[in-house]
Amino acid sequence: MRNRIAPLLESALIKAHAAQELTTYPLPAIIIGHPDNPEHGDFSCNIAMQLAKGERKAPRQIAEIIIKYLDDDNGLIAKSDIAGPGFINLFVSRSAWQETLLKIESERDRYGHTISGAGKKVQVEFVSANPTGPLHIGHGRGAAIGDTLCRVLDAAGWDVTREFYYNDAGVQISNLALSVQLRCMGIEPDDPRWPEGGYQGEYIKDVAKAYLARETVEATDQHTTACGDPENIEDIRHFAVAWLRREQDLDLEAFDVKFDVYTLESALYSEGRVEAVVQKLIANGHAYEQDNALWLRSTAFGDDKDRVMRKADGSYTYFVPDVAYHQDKWERGFTRVINEQGSDHHSTVTRVRVGLQALDIGIPQGWPEYVLHQMVTVMRGGEEVKISKRAGSYVTLRDLIDEVGRDATRFFFLMRKPDAQLVFDIDLAKQQTNENPVYYVQYAHARICSIFDNAAEKGFIAPEKPALADLACLSTPDDLQMIKLLTELPDTVDDCAVHFEPHRLTYYLSELASCFHSFYNKNRVISEDKALTEARLYLLKRTAQTLKNALSILGISAPERM
RNA sequence: GCGCUUGUAGCUCAGCUGGAUAGAGCAACGGACUACGAAUCCGUAGGUCGGGCGUUCGAAUCGCUCCAGGCGCACCA
């Protein structure tokens, strides 16, 4: 609805300008707000106040001019007021509201989807956990936010590619292989021979056991059969990576998160991309040798210090393949790339961008974009669960899904905006009570479904494609409030996509569920009045559809019974 | 010390990118099921939007500054 109101005001401004009653040029963008107070109308606009200074006229006077040129051919506007210092308040007609229900019916599962993205390509990289252990709760938040962001962007009309990048080489993986090898030999973390950076988790023992048993592992991008020789560190490395890759696959599958593309760091090396980046940076004159290392003069691009590219031992720092990887993304034609990461990695943002600038291949300065989520703390039994990755003790994503369920886990991760810290209260998430917002929302859906069952027994069904006149009885403030809220889903989806903030949808859902529960307690749906009963069943059908669609964008189910 | 981020009701958090009287949930108190699911609803109470200064018609929102929490600041990723 917001998108239908704005053009009306826009054309009024243009007409007023053409008639020389307004002189400001260029005209500022129209911002439509929805007032908190219903007396202030369905929508309000502050344009008159913004123009006041340039026009040298009182805002209320300007508002009058704009309203004079307001052409409402479709009968959208029932009333327009000038209020307060100069707000233009617009009241949408009842029939225009009622008509929106027909739109929801015709769009069905697509309702809430928009065309804002115009089918343009966007790539979202998220999770990107290294295969050195199971996914923990922090990865879970990244998975929930990243995946939902993809669903939101898809709903907003973008062509989304989901990508997972992982490091299957390098120091961390060597530590992994070594840890498994030691476990194969029966050496435990408390043994003096256990190395500093070794992975101590119990899962390493499982990997070792599987390796010695010569198991076969099938995972995304990884297929291998162990030779079982504890001396063969190369084979152990392959096997361990594949084994943990499979663990992560299973976790993600349980979380209903899928990826289109997996990129391996090792491939960037084997395809010569890493070397090519170094050569290009040298050729561009941005590199220098010092202390047996090769440095990038990143300070020339706004970094606070220069960065090592090639270490004294001849290997590259992680940041070089990162740049090579993003160059690859760029060359694949993604003019829009979003990286979802934990905020503990935020120092990479500058470095990757700086490296790409130094390549001088026409990549814009703010590319790629980043969504950084803050840390998660876990509460259980009223106490914080301490996490020690080093000792291998932490809450895994799998634990959470098993314990509180996929729907609740996703919803809890999505309730907060990414850049706020999140407290995950496991006891609360498990509760099947009114304190738990997931159940509150899902219950609204289930409750509506049960009304339909009840209505069917009494011989009532929601009409298909009713005439607008049949909906005219949906005219109480409660009916209209429901309808108005239903119309906000597409705007909310767009807002989520623009701001990278999926949490707006969780709040929308809570509000919609609340509106319905309240409506239900106050109004009879099934009554003697056949016309009203059918109209309300029709309204609830659209409400259930809207709840279901919004939940679906969050990757959460809409149960018909609970 | 530098960078990013957060600070709103007793607690957990919204506040739609500057608008009209700052909102929810939980906790507290008081109410509503012999008709559609009480996993629900209605009401009461609860605030110096961390402090200060500034920008303007107008600030929780923007700027500066101070205070406090979190995360970074490697020839780890």
Side-chain angles (χ1 to χ4, degrees), chain A residues 2 31-37 39-40 44 46 49-50 52-53 58-59 83-87 89 128 130 132 167 170-173 175 197 265 291-295 304-305 307-319 321-322 342-350 372 374-375 377 415-423 425 428 431-437 439-440 442-444 446-455 457-458 460 488 491-492 495 498-499 501 503-504 506-508 510-511 513-514 516-527 533 536-537 540 561-562:
Chain A
R2 195 171 65 182
I31 296 166
I32 306 284
H34 8 42
D36 298 329
N37 186 340
E39 287 175 21
H40 295 149
S44 72
N46 61 0
M49 272 119 74
Q50 290 189 314
K53 202 166 198 176
F87 289 104
N89 291 338
S128 292
N130 287 341
T132 54
N167 172 337
V171 179
Q172 308 289 353
I173 299 297
N175 282 339
E265 188 187 17
D291 303 332
N292 290 324
L294 182 68
W295 295 70
D304 50 4
K305 56 176 107 163
R307 304 290 167 183
V308 171
M309 293 196 286
R310 191 170 54 224
K311 297 182 257 183
D313 69 5
S315 65
Y316 294 111
T317 58
Y318 73 94
F319 128 87
D322 265 6
S343 66
D344 53 337
H345 287 80
H346 84 256
S347 60
T348 64
V349 175
T350 313
L372 302 174
Q374 298 279 329
M375 300 294 97
T377 49
M415 279 198 305
R416 306 278 172 257
K417 62 182 156 212
D419 48 13
Q421 288 170 62
L422 173 70
V423 178
D425 186 331
L428 178 60
Q431 275 185 51
Q432 306 205 353
T433 68
N434 53 352
E435 289 179 45
N436 191 329
Y439 289 95
Y440 183 80
Q442 289 182 323
Y443 178 53
R447 211 177 195 186
I448 293 173
C449 291
S450 111
I451 295 173
F452 294 142
D453 293 344
N454 203 293
E457 276 177 33
K458 298 192 167 101
F460 294 114
E488 286 180 26
D491 291 342
T492 305
D495 287 342
V498 167
H499 298 277
E501 289 179 345
H503 78 282
R504 295 178 189 229
T506 66
Y507 278 89
Y508 173 74
S510 296
E511 198 185 343
S514 167
F516 160 71
H517 286 309
S518 182
F519 178 94
Y520 173 87
N521 272 275
K522 212 165 134 196
N523 303 282
R524 297 276 327 158
V525 176
I526 301 164
S527 65
T533 298
R536 285 203 164 141
L537 286 173
L540 290 196
R561 251 167 276 282
M562 296 172 66

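Below, each value reflects all heavy atoms present in this structure, side chains not excepted, and no hydrogens, waters or symmetry copies. Here is the naming used below: chain letters follow the sequence lines, and residue numbers restart at 1 for every chain.
Judged by distance alone, the side chains of A:D313 and A:S315 do bring a donor and an acceptor atom under 3.5 Å apart. Of the N and O atoms on the side chains of A:R447 and A:H517, at least one donor lies less than 3.5 Å from an acceptor on the other residue.
In this entry B:G25 has B:C11 as its Watson-Crick or G-U wobble partner, both defining distances falling under 3.5 Å. As the counterpart of B:C2, B:G72 is assigned, both hydrogen-bonding distances of the Watson-Crick or G-U wobble pattern falling under 3.5 Å. Nucleotide B:A35 has no partner under the Watson-Crick or G-U criteria, as no pair reaches both atom distances under 3.5 Å. Pairing for B:G19 goes to B:C57, judged as Watson-Crick or G-U wobble with the two contacts each under 3.5 Å. In this structure, B:C64 and B:G52 make a Watson-Crick or G-U wobble pair, each of the two defining distances being under 3.5 angstrom.
Of the C1' atoms belonging to B:C26 and B:A39, the separation is 15 Å, rounded to the nearest Å. Rounded to a whole angstrom, the distance from the P atom of B:A38 to that of B:A20 is 37 Å. Comparing the P positions of B:A60 and B:C49 gives an interatomic distance of 8 Å, to the nearest angstrom. Here, B:A22 and B:G15 have their C1' atoms 8 Å apart, quoted to the whole Å. If you take atom P in B:G63 and the same atom in B:U55, they sit 15 Å apart, rounded to whole Å. For the C1' atom pair drawn from B:C36 and B:G25, the interatomic distance equals 26 Å after rounding to whole Å. Of the C1' atoms belonging to B:G10 and B:A28, the separation is 10 Å, rounded to the nearest Å. Atom P of B:U17 sits at a distance of 28 Å from the matching atom of B:C53, rounded to the whole Å.
Remark: P of B:A24 and CE of A:M415 are 18 Å apart, rounded to the nearest angstrom. Protein atom OH of A:Y439 is 18 Å distant from nucleotide atom C1' of B:C26, rounded to whole Å. To the nearest angstrom, C1' of B:C11 lies 12 Å from CG of A:L428. Nucleotide B:C13 holds its P atom 11 Å from the CG atom of A:D425, rounded to whole Å. Put simply, CG on A:D419 is 14 Å from C1' on B:U61, counting in whole angstrom units. For the pair A:H517 NE2 and B:C42 P, the interatomic distance rounds to 10 Å; values are reported in whole Å.
Here the side chain of A:N436 pairs a donor or acceptor atom with the backbone of A:L428 at under 3.5 angstrom. When atom types are taken as modelled, the side chain of A:D291 and the backbone of A:A293 share no donor-acceptor pair closer than 3.5 angstrom.
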Checklist entry - Which letters describe nucleotides 16-21 of chain B, given B = protein heavy atom under 4.0 Å from base, S = only from sugar-phosphate, - = neither? => result BB-BBB
Next on the checklist: I need a per-nucleotide contact map over nucleotides 69-77 of chain B, read 5' to 3'. Cutoff is protein heavy atoms under 4.0 Å; write B for the base, S for backbone only, - otherwise.
Outcome noted: BBBSSSBBB
So which protein N/O to nucleotides 36-38 of chain B N/O distances come out below 3.5 Å?
unit_1: B:C36; atom_1: O3'; unit_2: A:N454; atom_2: ND2; d: 3.2
unit_1: B:C36; atom_1: O2; unit_2: A:R524; atom_2: NH2; d: 3.4
unit_1: B:C36; atom_1: O2; unit_2: A:I526; atom_2: N; d: 3.0
unit_1: B:C36; atom_1: N3; unit_2: A:V525; atom_2: N; d: 3.0
unit_1: B:C36; atom_1: N4; unit_2: A:Y520; atom_2: O; d: 2.9
unit_1: B:C36; atom_1: N4; unit_2: A:N523; atom_2: O; d: 2.4
unit_1: B:G37; atom_1: OP1; unit_2: A:S450; atom_2: OG; d: 2.6
unit_1: B:G37; atom_1: OP2; unit_2: A:S450; atom_2: OG; d: 3.3
unit_1: B:G37; atom_1: O2'; unit_2: A:Y443; atom_2: OH; d: 2.2
unit_1: B:G37; atom_1: O2'; unit_2: A:R447; atom_2: NE; d: 2.8
unit_1: B:G37; atom_1: N7; unit_2: A:S450; atom_2: OG; d: 2.9
unit_1: B:A38; atom_1: OP2; unit_2: A:R447; atom_2: NH2; d: 2.4

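Atom CE of residue A:M562 and atom OH of residue A:Y443 lie 9.0 Å apart, to the nearest 0.5 angstrom. Separating the CD atom in A:E488 from the OH atom in A:Y508 is a distance of 6.5 Å, to the nearest 0.5 Å. Distance CD1/A:I448 to CZ/A:F516: 4.5 Å, rounded to 0.5 Å. For the atom pair CG (A:L540) and CZ (A:F519), the distance works out to 6.0 Å, reported to the nearest 0.5 Å. In this structure, CZ in A:F460 is found 8.0 Å from CG in A:L537, a value given to the nearest 0.5 Å.
Between A:T350 and B:G3 there is no side-chain N or O to OP1 or OP2 distance below 4.0 Å. At the phosphate of B:C41, OP1 or OP2 sits under 4.0 Å from a side-chain N or O atom of A:Y440. Between A:K417 and the phosphate of B:G15, there is a side-chain N or O to OP1/OP2 separation shorter than 4.0 Å.
Partners of A:E501 according to the salt bridge (charged side-chain N to carboxylate O under 4.0 Å, His left out) rule, which considers only residues two or more places apart in sequence or in another chain, are A:R504. Residues satisfying the side-chain hydrogen bond (donor to acceptor under 3.5 Å, both in side chains) criterion with A:Y507, sequence neighbours excluded, are A:R416. Residues meeting the side-chain hydrogen bond (donor to acceptor under 3.5 Å, both in side chains) test with A:K458, sequence neighbours left out: A:N454.
Across A:T317, A:L294, A:N292, a single residue satisfies side chain to side chain contact (heavy atoms under 4.5 Å, CB included) together with A:R310, and that is A:L294.
The residue among A:L422 and A:A513 whose nearest nucleotide of RNA chain B lies closer to the 5′ end is A:L422.
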